[in-house]
Amino acid sequence: MNSLLLLIPLSILILVGAGVALFWAIDRGQFDDLETPALLPVLDADDPPEERP
Amino acid sequence: MPPSSRPGCTPRRAPRDDVNTACWHCGGPLPPDPPQANVAGARHSVCCNGCRSVAEWIAELGLADYYRVRTGSAAQGPDPLESAENAAAFLRPELSRHLVSTVADGKSEATVLVDGMHCTACCWLIERTLGQLPGVVDVGVNAGARRARVVFDANVLPLARIVEALGRVGYRALPLDRAALDDTRRRETRAAQKRLAVAGFGAMQAMMYASALWFGAFDGADAATRDFFRWLTLLATTPVVFYSAGPFFAGAFRLLKVRRLGMDVPVALAVGLIYAGGVIEIFTGGPDIWLESVSMFIFFLCIGRYLEMRARHHAGDMTDALARLTPVFAERIEPDGTLLRVGAFELVPGDRVVVADGGSVPADGVLETAECRVDEALLCGESTPRRKRRGEALCAGSIVAGAPATMRVTRVGADTVVAGIVALTTRAASSKPRLARSGERAAAGLVARVLVLAACTAIGWAIVDPSRALAATVAVLVVVCPCAFALAAPAAVTRALAVLTGRGVLVVRPDALEDLAAVTHVLFDKTGTLTEPAIAHDRTIARQGIDCDAALAIAAALAQGARHPLARAFVAAAPTALPAVGARESVAGRGIGGAVGGRRYRLGRADYALELERHPSSLEHAVVLADDDGVVAAFHVDERLRPGARAAVDALVRAGISVAIASGDTGTRVEAVAQRLGVAAWRARQSPADKLALLASLRAQGARVAVVGDGVNDAPMLASADVAVAVGSAADAAQAASDIVITGPLDALAEARAIAHQTLSILRQNRRWALCYNTATVPLAALGLVAPWLAAIGMSASSLAVVLNALRIGRISRKREASGMSTADEAIERRRAPA
């Protein structure tokens, strides 16, 4: 049970860290546009897909 | 910039190879001896040198893949000269101050509207192009909003270079006011995302700790470990309740302060109850806490609210499109007579500006040039340019054609007509229609019942089994929360308005949607609505000794300023120089008069012009210009049907609606039009009073009548109709008594009716669904069979189902359009089938 006393605070620290990172990313506008980035990797491939008919 | 590449133009299909007769870059028609672009070793025909330089430059950058992946043609290559001028304008410090904001470590950030962006490949091209510039730190392109956000080092790279680079690949950068950027929208999105993140993290942690408690991992362990985990759960839940659920508490508080009940009240009550109960249990060592459930509950609510917000913002994009009509640059005439390219926001009333041939008018103003032709298609759907004379008003957003024009600015920014239209649509979208209000009232009644029911549940369980009282009460509060019910109307109406705006139908009064669906009769005005008049030059007959053109000039001078479409036709047909007019008079529905060169003239139907009781039969179809000695000239008016008129009438008749025409025009003329449209019911020679009487008699028979007019001449009839539809100039209609304004082709009316119908049926579906869901789940919850977290999922899912159902509006009708069949069509087909 003693391992819990170490691991749980550690998990909380990691969680808080993740939360801070996410807030930072949101404030930097990473999530402002959720549509465009999803399309871009398709075009970055070396062999782009055929033009749509 | 050529008008062909304005935003909103339909992208042409990309040519597959240069065997095509279209330009390889922009898809435009090729000149007889086209320039050749040398791309990746192959030669392709292009339409102009602008396109050639763009295509070659794209290849030079190693970005020729663009041509393989794009789904729409590019905008035509810019005129090199104009492109340079555009970039130079960005050098102005006023503009830079307005556009560029400084972000951390000396970097600058600017967001520009990118004109000519059609597809994802454009996005990619812009990102690559700008990313290759030295000094650019970050580029973000939003395809939906056509915006590019650039972070750059202003010391290395001036903004003008970025604009220039965009210009070289064929896109025009337009400055976006830093303050006008959708700041509130962005703040809202970000706040919602943060709340969602906190709720997600908190709920996951709380569930983790709670599952350890549930599955009895500590059955053998001491109470201290159990309490430790309970405290951890509290720790994870507290930020979720106080941060993520903040808006619900704030909303409930606002509602209670004005003594009303709304959605937020039971939600806040449930959250508060569970949280307080949980804290008390922890302190007293009670058997059960529900903290993990409440965090899950809030997480699901946040997801629902977030999706709803995104749908709402998407609707907002439509009004953005209207705001884009105004140009951002103006050529101001400086006191010393030179021209200076300035941002349109720098203009003040009294400034004089020059609008180039093909350029957009930057602000409302008065024409100073003797005359020009103005295309107001964007404002009023009228595709033929209208002739304007010195002193006439020009509206921001219209396009000058033929020759450059000088104008004096009278109104800028928010005071312009186009801004008024934008404000009007925004107001319509935000004002609560009757449908939404009735939904809200019903929901408030439901909330009251929910609260009573929850209290009953609490008392009941307190008697039977006090340990389960809290859970059951909370489950009832959550499961019966009529969120879906309250969302039903706003979701459907918002979606319908957005769809209609996108198809050229502005709904000014949202209630009109409901009325339109119930319409049984449509009454059309003829002139200016179904038809566009044009003066037939070759059939003009003038009195001996008077030149036809001179007569036309007098008629046009009388007609100038009048808003009847026929009057406009005279002005459009007349020669440039018009004589001055004094002592004007006008008799609605009959004609206009005035003094020209000391003589009194009257223009209108023969009985008015000649002051007769009866029509002389020879002049029955003519518009007569007469003075005190008799007829000066008789004009014949040709009429052509407005685009979409036939389609609109056909679609309405197919949908089972009685279509009638009431016009002030002569019988043969109205009959001709009625025959061409296939309308059996028509009335000619109707004065405004006759039309009103006709309308009243129809309504007395129980008909619900939509009146379609041009919004100006038939104002009284429009005002007393069930639904007033104004066609054409939205600028005029903004002041008129219209409920719905159709800016595009007339057939949008039938489509609008179909969408209104669909909206109502989806609304009914939504309400029925919400009611079924609530009545089915209440007994279960009251009996304690539903855990609060499950109730939360159920509630969120039902709300989501309502919103998703609302998003079907417009989609179905588009599919039907594609197959060329309406519901009525299908019904007819079915009926025919057995025979």
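By convention in this document, chain letters (A, B, ...) are assigned in the order of the sequence lines, proteins followed by strands, and residues within each chain are numbered from 1. These figures come from a predicted structure and were not determined experimentally.
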Visitor: Give, for atom CD of Gln205(B) and atom CG of Leu15(A), the distance between the pair rounded to the nearest 0.5 Å.
Guide: 4.5 Å
Visitor: Please classify the contact of Ile26(A) with chain B as side chain, backbone, both or neither, using a heavy-atom distance under 4.5 Å.
Guide: both
Visitor: Taking heavy atoms only and a threshold strictly under 4.5 Å, list by residue number the residues of residues 193-200 of chain B that touch chain A; give 'none' if the list is empty.
Guide: Gln193(B), Lys194(B), Ala197(B), Val198(B)
Visitor: Could you work out, with ring pair (Phe, Tyr, Trp, His ring centres under 6.0 Å) as the rule, every residue matching Tyr243(B), not counting sequence neighbours?
Guide: none
Visitor: Sequence neighbours left out, what passes salt bridge (Lys or Arg N to Asp or Glu O under 4.0 Å) with Asp138(B)? Give chain and number order.
Guide: Arg149(B)
Visitor: Quick one: pull up CZ in Phe229(B) and CD1 in Ile8(A) and give me the separation to the nearest 0.5 Å.
Guide: 3.5 Å
Visitor: For Phe201(B) and Leu22(A), what are the C-alpha separation, side-chain angles and deciding distance, and is it a side-chain contact (heavy atoms from CB on, under 4.5 Å)?
Guide: CA-CA 11 Å; Phe201(B) 279 137; Leu22(A) 194 62; 4.0 Å; yes
Visitor: If you take all heavy atoms of Arg28(A) and Arg190(B), which pair is closest and at what distance?
Guide: C-NH2, 4.1 Å
Visitor: Suppose we screen for side-chain contact (heavy atoms from CB on, under 4.5 Å). Which residues come up paired with Ala245(B), at least two apart in sequence or across chains?
Guide: Phe248(B), Phe249(B), Ile298(B)
